[in-house]
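Presented below is the structure to which this report refers.
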Amino acid sequence: MNDEPQRRPVFRRAALSVLSALFSAVLLGLVAMWFLLRPGGPLPDHWNPTKRLTIGAPVTVVTRLQMMRALDDVAECRSVLDQAGVVFDPMSDLEVDENCGIEGRGLLSTLPNSRMNRVETRCETALRLAMWEEHVVQPAAREVLGSEVAAITQIGSYNCRKMRTSRGTEGRWSSHAKANAIDITGVRLADGRQLSLLKDWDGDGPEAAFLRRIWRGSCDWFRLVLGPDYNQLHADHFHLENTGWGYCR
Ligand SMILES: [Zn+2]
């Protein structure tokens with residue numbers, strides 16, 4: 001015997017009810033999205049992926065998305081920095097050749113809560129640094145050292161040169177050639193203490209614990225980080241880079 005004729009209507013009814021459930025779910029999702037994301041909606045800006053990044057806001061699952069959008073657009077990047085009180089005086093782009101130059105160029109002299117010796121860099125580097133200072137460096141300083149960081153010391157961002165490795169200079173261009181990296185050597189605390197990677201990286205004290213924590217935390221905000229444990233060339237600085245594949249050592 002053939003029982004197909006009975007099965008077909010059952011199958012059709014099941015398919016229809018799945019479709020209508022899906023349709024209702026999508027509709028409900030759209031209504032919920034409209035309710036949450038509409039201007040004046042109940043969702044705080046730092047949970048709203050359509051809103052501009054605020055550096056000082058708590059970090060949520062949408063922060064990275066907001067940051068990527070600001071990094072893609074120099075005007076938005078500059079205004080996000082402005083809003084956080086970061087001093088990044090605009091300069092015209094530096095155009096050298098295909099390997100060297102600075103897009104979205106400016107002169108960075110303060111971060112959200114600390115000073116920095118002045119450095120010419122690109123907006124992307126300044127913004128990633130600002131996020132690191134706000135969400136990693138200052139909390140670590142308060143918790144581990146009981147003080148704020150008053151200043152961060154750097155030894156350069158833009159440098160039109162090839163990569164340096166322990167084997168010498170390599171053919172590939174350094175990320176510094178487009179100011180896509182910055183080298184950080186230490187911090188000065190509000191209570192006057194000076195910390196440097198060269199003198200404080202090793203050891204069991206709170207200074208070493210602090211430096212290791214801010215090194216590890218920099219990997220959340222930059223895409224490639226090299227520090228004293230990587231090789232002798234980095235014994236005195238963190239190399240924080242915007243480009244790369246998530247390497248952290
Ligand atoms: Zn470097």
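Both counts, for ligands and for their atoms, begin at 1 and track the order of listing.
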Could you tell me whether Glu241 and Arg223 make a salt bridge, using a distance below 4.0 angstrom between a side-chain N and a carboxylate O?
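Salt bridge between Glu241 and Arg223, a charged N being under 4.0 Å from a carboxylate O: no.
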
Sidechain N-carboxylate O distance under 4.0 Å for Lys199, Glu207:
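Glu207 and Lys199: not salt-bridged.
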
Lys/Arg cation over aromatic Trp215: Arg249, 6.0 Å, 45° cone:
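Arg249 over Trp215 ring: no.
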
Under 2.8 Å from the Zn ion (ligand 1), is there any N, O or S atom belonging to [X]?
X	answer
Glu241	no
His239	yes
His237	no

OD2 (Asp183) to the Zn ion (ligand 1) to NE2 (His176): angle, nearest 10 degrees?
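If I round to 10°, I get 80°.
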
On the 0 to 90° scale, with breaks at 30° and 60°, tag the His234-His237 ring pair as parallel, tilted or perpendicular.
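Rings of His234 and His237: tilted, as their planes differ by 30° to 60°.
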
